[in-house]
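In what follows, every chain begins at residue 1, and chains take the letters A, B, ... in the order their sequences are listed. Hydrogens, waters and symmetry mates are skipped; everything else that's a heavy atom, side chains included, is used.
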Number of protein chains: 2
Amino acid sequence: MALRVVKEAEQEVPVIGDRNLRGFVGYSLKRAYHLIQADAMRVLDPLGLRISTYSALAVICDNPDLRQSQLAEILSIERSNTVVIIDALEQPGLIARHRVPNDRRSYALRATPQGRRLHKEATRVLEAHENRLLTALSAEERQLMIDLLRRIDGSAFSEQGAADHPEGGHRHERPD
Amino acid sequence: MALRVVKEAEQEVPVIGDRNLRGFVGYSLKRAYHLIQADAMRVLDPLGLRISTYSALAVICDNPDLRQSQLAEILSIERSNTVVIIDALEQPGLIARHRVPNDRRSYALRATPQGRRLHKEATRVLEAHENRLLTALSAEERQLMIDLLRRIDGSAFSEQGAADHPEGGHRHERPD
DNA sequence: ACAAATAGCTATAGATCATAACAAAATGAA
DNA sequence: TTCATTTTGTTATGATCTATAGCTATTTGT
């Protein structure tokens with residue numbers, strides 16, 4: 001399964017692999033994310049959830065009567081993408097779109113009892129999944145990692161970010 | 001500017017946001033990766049590169065005469081996906097597929113002078129991009145992050161199978 | 001009253017990754 | 001040698017997540 005060394009003469013490629021790429025945070029980030037994401041997908045699949053639907057369900061459970069735009073902002077995704085996610089949660093009856101008395105445009109999202117139950121179970125499953133994948137890190141190191149990661153995407157806005165990007169920045173806000 | 005507060009009476013949703021999701025390393029990983037990936041894509045675009053093609057170009061530059069399967073293994077992607085990436089690099093003349101004397105199945109990948117030049121420039125651009133996005137982290141913290149991340153995807157194989165490399169690397173092969 | 005902003009929605013596309021199946025070539029064993 | 005197996009590159013296809021543009025209905029603000 002590892003690479004087969006050329007047994008013949010051949011040119012004997014001196015492999016240094018991805019050593020130089022490793023200097024980039026983004027590269028290691030990508031590799032680690034890919035591993036975790038694939039396994040999370042795997043363990044969520046039997047529950048009928050994907051990563052995006054689990055995240056949305058979790059936020060909705062924790063923030064009753066949330067609007068779809070608020071959900072989009074919390075998860076840093078586009079409003080348009082929340083629609084299909086919400087659909088996927090509403091269809092099996094995990095959440096419900098309730099009308100808001102004073103605003104007929106928006107919906108108040110609320111998890112159903114089944115939704116809350118599934119969320120609980122999915123959370124357990126995901127905690128087991130992280131414990132399985134992160135055995136190489138202590139609890140302190142995991143928290144440290146979370147803190148470091150959070151400082152990355154926290155600084156996207158606070159560090160004079162959103163104001164001076166006329167175009168081509170990370171878009172979460174439309175100052176237009 | 002986190003959440004938009006409802007201006008009217010409304011139900012005043014008490015927003016706790018994604019606090020519970022933040023307990024998962026995977027969630028913060030995803031957010032941070034998404035930010036970095038989007039910006040990396042943006043800065044690579046004018047050079048005609050995507051993240052996947054840059055990564056492949058970098059590995060090919062550092063490992064002359066690499067085979068496509070080896071590239072796949074180093075980058076942890078499927079062989080089938082290397083094909084289109086290699087195509088995208090070969091078409092503008094950044095790399096070339098050379099025939100291998102003793103094995104007519106495989107190709108020896110080698111970067112052209114233009115490929116090496118573009119790789120150098122793209123690397124500078126990406127370093128600037130990381131310096132811009134990671135201002136919240138010191139150099140030591142960035143290295144710490146890389147180390148922590150690497151321990152995640154390093155442990156993916158030592159878990160049960162691949163009793164190969166104790167040394168931090170990935171699974172390549174034995175140079176001997 | 002009416003322009004502007006907001007909420008949700010549809011359609012579509014790009015990027016990454018995985019899987020299955022295939023042909024040509026190399027390998028290994030009978 | 002023959003022949004089954006493995007390896008290499010390849011094609012086709014689908015899943016996931018994300019972004020963009022444009023649309024309708026509603027609300028807001030002047």
Side-chain angles (χ1 to χ4, degrees), chain A residues 1-8 10 30-31 33-42 44-45 49-56 66-73 75-88 90 97-109 167-176, chain B residues 4-10 30-31 33-35 37-42 44-45 49-56 66-73 75-88 90 97 99-109:
Chain A
M1 18 185 64
L3 275 194
R4 189 137 337 275
V5 175
V6 241
K7 1 199 64 166
E8 278 303 328
E10 292 284 348
K30 171 180 173 160
R31 293 189 62 110
Y33 171 62
H34 180 245
L35 269 180
I36 292 189
Q37 175 257 12
D39 191 69
M41 220 180 244
R42 186 178 64 78
L44 284 177
D45 187 64
L49 291 174
R50 290 168 298 146
I51 292 177
S52 60
T53 53
Y54 169 79
S55 305
L66 201 70
R67 257 58 89 34
Q68 295 186 198
S69 334
Q70 296 178 299
L71 177 67
E73 184 129 5
L75 292 178
S76 292
I77 59 181
E78 293 298 315
R79 279 199 321 276
S80 59
N81 291 326
T82 64
V83 180
V84 47
I85 294 177
I86 298 297
D87 286 347
E90 192 184 33
R97 288 187 236 234
H98 292 88
R99 296 252 59 135
V100 175
N102 291 337
D103 193 337
R104 270 201 298 238
R105 295 170 300 178
S106 52
Y107 294 111
L109 304 175
E167 71 225 39
H170 3 302
R171 47 278 271 160
H172 289 93
E173 199 75 15
R174 346 191 358 164
D176 176 81
Chain B
R4 198 150 324 284
V5 177
V6 235
K7 359 196 65 168
E8 274 306 323
E10 295 284 349
K30 171 180 173 161
R31 294 188 63 110
Y33 171 63
H34 180 244
L35 268 181
Q37 175 257 11
D39 192 69
M41 221 180 242
R42 185 178 65 79
L44 284 178
D45 187 63
L49 291 173
R50 290 167 298 147
I51 293 177
S52 59
T53 52
Y54 168 79
S55 306
L66 202 71
R67 256 62 82 41
Q68 295 187 197
S69 334
Q70 296 178 299
L71 177 67
E73 185 128 5
L75 292 178
S76 293
I77 60 181
E78 293 298 316
R79 278 197 325 275
S80 60
N81 291 324
T82 65
V83 180
V84 47
I85 294 176
I86 298 297
D87 285 347
E90 191 184 33
R97 287 187 237 234
R99 296 251 60 133
V100 176
N102 292 336
D103 193 336
R104 272 202 295 240
R105 295 170 300 179
S106 53
Y107 294 111
L109 304 175

message: Quick check on DNA chain C: between B/S52 and A/R97, whose nearest nucleotide comes earlier from the 5' end?
response: A/R97
- prompt: Rounded to the Å, how far apart are A/Y107 OH and D/dT26 P?
  reply: 10 Å
- request: In whole angstrom, give the distance that lies between atom CZ of B/R31 and atom C1' of D/dT18.
  value: 14 Å
- line: The side chain to side chain contact (heavy atoms under 4.5 Å, CB included) partners of A/V84 (sequence neighbours excluded) come to none
Distance in Å, A/T82 OG1 paired with A/E73 CD, rounded so as to fall on 0.5 Å steps: 12.0 Å
- request: Using only side-chain N and O atoms of A/Q68, determine if any of them is under 4.0 Å from OP1 or OP2 of C/dT6.
  value: no
- prompt: Is any side-chain N or O of A/R50 closer than 4.0 Å to OP1 or OP2 of D/dC17?
  reply: yes
- prompt: At their closest point, which heavy atom of A/Q68 faces which heavy atom of A/V83, and how far apart are they?
  reply: NE2-CG2, 4.1 Å
message: Measure CG/B/N102 against P/D/dT8 and give the value in whole Å, please.
response: 14 Å
query: Under the side chain to side chain donor-acceptor pair (under 3.5 Å) test, which residues partner B/R105, sequence neighbours left out?
result: B/D103
- request: Output all residues satisfying side chain to side chain contact (heavy atoms under 4.5 Å, CB included) with B/A40, sequence neighbours left out; order by chain, then residue number.
  value: B/I51, B/L126, B/H129
field: Helical bend (five base pairs per end, nearest 10°) for the helix from C/dA1-D/dT30 to C/dA30-D/dT1
entry: 20°
- prompt: Could B/D39 and B/R42 be called an ion pair, given the rule that one side-chain N must be under 4.0 Å from one carboxylate O?
  reply: yes
task: Using whole Å, report how far CD of A/E90 lies from C1' of C/dC9.
output: 13 Å
- request: May I ask you to say what A/R42 touches in the nucleic acid, namely base, sugar-phosphate or nothing, with a heavy-atom cut-off under 4.0 Å?
  value: nothing
task: Just jot down the side chain to side chain donor-acceptor pair (under 3.5 Å) partners of A/E90, sequence neighbours excluded, or say none.
output: A/R97
Selected nucleotide, minimal atom distance to B/M41 side chain, candidates C/dA15, C/dG8, D/dT18: C/dA15
Where protein sits on nucleotides 18-24 of chain C, one letter per nucleotide: B base, S sugar-phosphate only, - none, heavy atoms under 4.0 Å: BBB----
- prompt: Which residues pass the side chain to side chain contact (heavy atoms under 4.5 Å, CB included) test with B/T53, sequence neighbours left out?
  reply: B/L49, B/R50, B/I85, B/A88, B/L89
message: Rounded to whole Å, how long is the line connecting atom CG of B/D87 with atom P of D/dA12?
response: 12 Å
task: Could you pull out all residues at least two apart from B/Y33 that satisfy side chain to side chain donor-acceptor pair (under 3.5 Å)?
output: none
field: Nearest-angstrom distance from the residue atom NZ of B/K30 to P of D/dT16
entry: 12 Å
- request: Using a 4.0 Å heavy-atom cut-off across all strands, classify A/I86 as base, sugar-phosphate, or nothing.
  value: nothing
- request: May I have the distance from A/Q37 (atom CD) to C/dA15 (atom P), rounded to whole angstrom?
  value: 18 Å
query: In whole angstroms, how far is the C1' atom of C/dA26 from the CZ atom of B/R67?
result: 12 Å
